[in-house]
Amino acid sequence: MAGNDVKLLGSWPSTFVMRPRIALNIKSVGYDFLEEQLSSKSDVLLRSNPVYKKIPVLIHDGNPICESLIIVQYIDETWTNSGPSILPSDPYDRAIARFWASYIDEKWFPLLRVLAVAQGDDAIKAALEPVVKGLVLLEEVFKNCSKGKFFGGEKIGYLDIALGCFLGWMRVTEKMNNVKLLDEAKTPGLHKWAGDFCADSVVKDVMPETDKLAEAAKVLLPKIRADASS
């Protein structure tokens with residue numbers, strides 16, 4: 001389906017940019033991907049998101065929409081007649097999905113970020129435990145909420161997108177810090193879910209290869225560490 005005038009400002013390594021890309025794929029919406037350089041923000045980005053000055057930004061018929069999960073909801077509500085629904089149709093299920101998406105962004109992701117930049121065995125060990133505890137909690141959420149092989153049922157939905165966008169960076173963190181995050185023994189449901197998510201046609205073309213992402217991490221992580229210490 002043609003996307004009218006649809007543009008997405010983003011950067012390929014960004015977990016948050018992956019969210020609207022997956023949503024657009026679910027809805028079969030064509031779009032122009034405008035690659036942003038993290039070291040130099042474009043005038044288009046600064047005009048489109050003057051408050052946060054961050055990616056992603058969806059521009060639809062000249063109107064900018066900011067913040068990754070807000071964009072995903074906008075895509076779901078705008079292209080209702082194309083592809084499956086992303087958010088649950090039931091109001092309670094929709095509220096629960098939004099609650100856990102907020103938990104992922106506000107509680108769990110900051111812990112993953114600490115682990116990603118940790119240096120030294122002691123620091124890595126200390127940072128690993130709360131990340132794994134969060135994943136064990138999300139394993140229970142998956143068991144309670146899932147109505148198929150995904151959180152959203154048999155098709156990828158809102159909560160799948162919210163968590164699944166981090167899988168590439170989780171693999172990089174595992175590789176660089178020699179740790180295991182999605183353990184088949186501790187989180188069997190999420191372990192299988194991760195494989196199904198990455199293999200899905202709406203995801204596999206936008207999920208970065210681990211080795212390529214690891215190379216990008218060698219540039220990005222020192223900057224994140226420097227910002228954290230300043």
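This structure is a prediction, so every number in the text was calculated from the model and none was measured. The residues of the chain are indexed from 1 along the displayed sequence.
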query = So, Trp169 versus Phe166, ring centres under 6.0 angstrom or not?
reply = no
message = Strictly below 4.0 Å, N to O, side chains only: are Asp200 and Lys155 in salt-bridge contact?
response = no
note = In Leu190, Leu182, Val203, Thr210, the residue satisfying side chain to side chain contact (heavy atoms under 4.5 Å, CB included) with Leu167 is Leu182
query = Heavy-atom count around Asp90 CG within 6.0 Å, excluding the residue itself: above 12?
reply = yes
request  = Find out if a path of hydrophobic residues (ILVMFWY) with successive side-chain heavy-atom gaps under 4.5 Å connects Leu163 to Phe150.
outcome  = yes
message = Looking at Asn177 and Ile124, would you say the former's side chain and the latter's main chain have a donor-acceptor pair under 3.5 Å?
response = no
ask   = Would you say Ile156 and Ile86 make side-chain contact, with heavy atoms under 4.5 Å?
value = no
key: Under 3.5 Å: donor-acceptor pair, side chain of Lys41, backbone of Lys53   = yes
message = Rounded at 0.5 Å granularity, tell me how far SG in Cys198 sits from CH2 in Trp193.
response = 7.5 Å
ask   = Would you call Arg171 and Glu174 a salt bridge, using N to O less than 4.0 angstrom?
value = no
key: Test item: Lys107 side-chain N/O and Gly134 main-chain N/O as donor-acceptor pair under 3.5 Å   = no
Distance in Å, Lys133 NZ paired with Leu128 CG, rounded so as to fall on 0.5 Å steps = 11.0 Å
ask   = Any sub-3.5 Å donor-acceptor pair from Ser11's side-chain atoms to Ser14's backbone N or O?
value = no
inquiry  = Would you say that Ile75 contacts Ile71 through its side chain, given a criterion of any heavy-atom pair below 4.5 Å between the two side chains?
reply    = yes
message = With a 3.5 Å distance limit and no angle check, can you tell me whether Asn49 reaches the backbone of Cys66 through a side-chain donor-acceptor pair?
response = no
Common cluster, Leu45/Phe16, ILVMFWY with side-chain heavy-atom separation under 4.5 Å = no
query = Within the side chain of Asn144, is there an N or O that forms a donor-acceptor pair under 3.5 Å with the backbone of Glu140?
reply = yes
message = Please check: side-chain N/O of Asp5 versus main-chain N/O of Asp61, any donor-acceptor pairing under 3.5 Å?
response = no
inquiry  = Quick one: does any side-chain atom of Glu139 pair with a main-chain N or O of Lys186 as donor and acceptor, under 3.5 Å?
reply    = no
key: NZ/NE/NH1/NH2 to OD/OE distance under 4.0 Å, Glu215 and Lys218   = yes
key: Heavy-atom check, side chain of Glu67 versus side chain of Val57, under 4.5 Å   = no
request  = Flag yes if Leu9 and Trp12 sit in one hydrophobic cluster, no otherwise; membership is Ile, Leu, Val, Met, Phe, Trp, Tyr, and two members link when side-chain heavy atoms are under 4.5 Å apart.
outcome  = yes
request  = Verify side chain to side chain contact (heavy atoms under 4.5 Å, CB included) between Tyr74 and His60, making sure each step is shown before the conclusion.
outcome  = CA-CA 10 Å; Tyr74 175 85; His60 180 212; 2.7 Å; yes
remark   = Rounded to the nearest 0.5 Å, the CZ atom of Arg113 sits from the OG1 atom of Thr173 at a distance of 11.5 Å
task = Report the C-alpha separation of Leu137 and Tyr103 in whole Å, then their side-chain angles, then the decisive distance to 0.1 Å, and conclude whether the side chain to side chain contact (heavy atoms under 4.5 Å, CB included) test is met.
result = CA-CA 11 Å; Leu137 174 59; Tyr103 165 81; 3.6 Å; yes
ask   = Do other residues, nucleotides or ligands put more than 12 heavy atoms under 6.0 Å from Arg98 CZ?
value = yes
ask   = Same hydrophobic cluster for Phe142 and Phe109, using side-chain heavy-atom links shorter than 4.5 Å among ILVMFWY?
value = yes
message = Could you measure the distance from the CE atom of Met207 to the OG1 atom of Thr15? Nearest 0.5 Å is fine.
response = 10.0 Å
task = I would like to know whether Arg19 and Asp105 meet salt bridge (Lys or Arg N to Asp or Glu O under 4.0 Å); could you show each step before the answer?
result = CA-CA 12 Å; Arg19 288 172 170 176; Asp105 279 2; 2.7 Å; yes
query = Taking the six-membered ring for Trp, are the ring centroids of Trp100 and Phe151 within less than 6.0 Å of each other?
reply = no
inquiry  = A side-chain contact here means heavy atoms from C-beta on lying under 4.5 Å apart; do Gln73 and Tyr158 qualify?
reply    = yes
key: Leu181 side chain near Leu112 side chain, heavy-atom distance below 4.5 Å   = yes
inquiry  = Can a donor-acceptor pair be found, under 3.5 Å and without considering hydrogens, that links the side chain of Asp93 to the backbone of Pro88?
reply    = no
Stepwise side chain to side chain contact (heavy atoms under 4.5 Å, CB included) check, Val6 with Ile59 = CA-CA 6 Å; Val6 181; Ile59 302 176; over 6 Å; no
query = Roughly how far, to the nearest 0.5 Å, is NZ of Lys54 from CD of Glu36?
reply = 14.5 Å
inquiry  = Let's go through Leu58 and Lys7 carefully: what are the C-alpha distance in whole Å and the side-chain angles of both, what is the deciding distance for side chain to side chain contact (heavy atoms under 4.5 Å, CB included) to 0.1 Å, and is it a yes or a no?
reply    = CA-CA 6 Å; Leu58 182 77; Lys7 299 180 178 67; over 6 Å; no
query = Are any of the side-chain heavy atoms of Glu106 and Ser102 separated by less than 4.5 Å?
reply = yes
ask   = Taking the six-membered ring of Phe33 as reference, does the NZ or CZ atom of Arg21 fall below 6.0 Å from its centre and within a 45° cone about the axis?
value = yes
key: Flag, side chain of Thr187 to backbone of His191, donor-acceptor distance under 3.5 Å   = no
task = Count the heavy atoms belonging to other residues, nucleotides or ligands that lie under 6.0 Å from CD of Glu154, then report whether that count exceeds 12.
result = yes
query = Do other residues, nucleotides or ligands put more than 12 heavy atoms under 6.0 Å from Glu184 CD?
reply = no
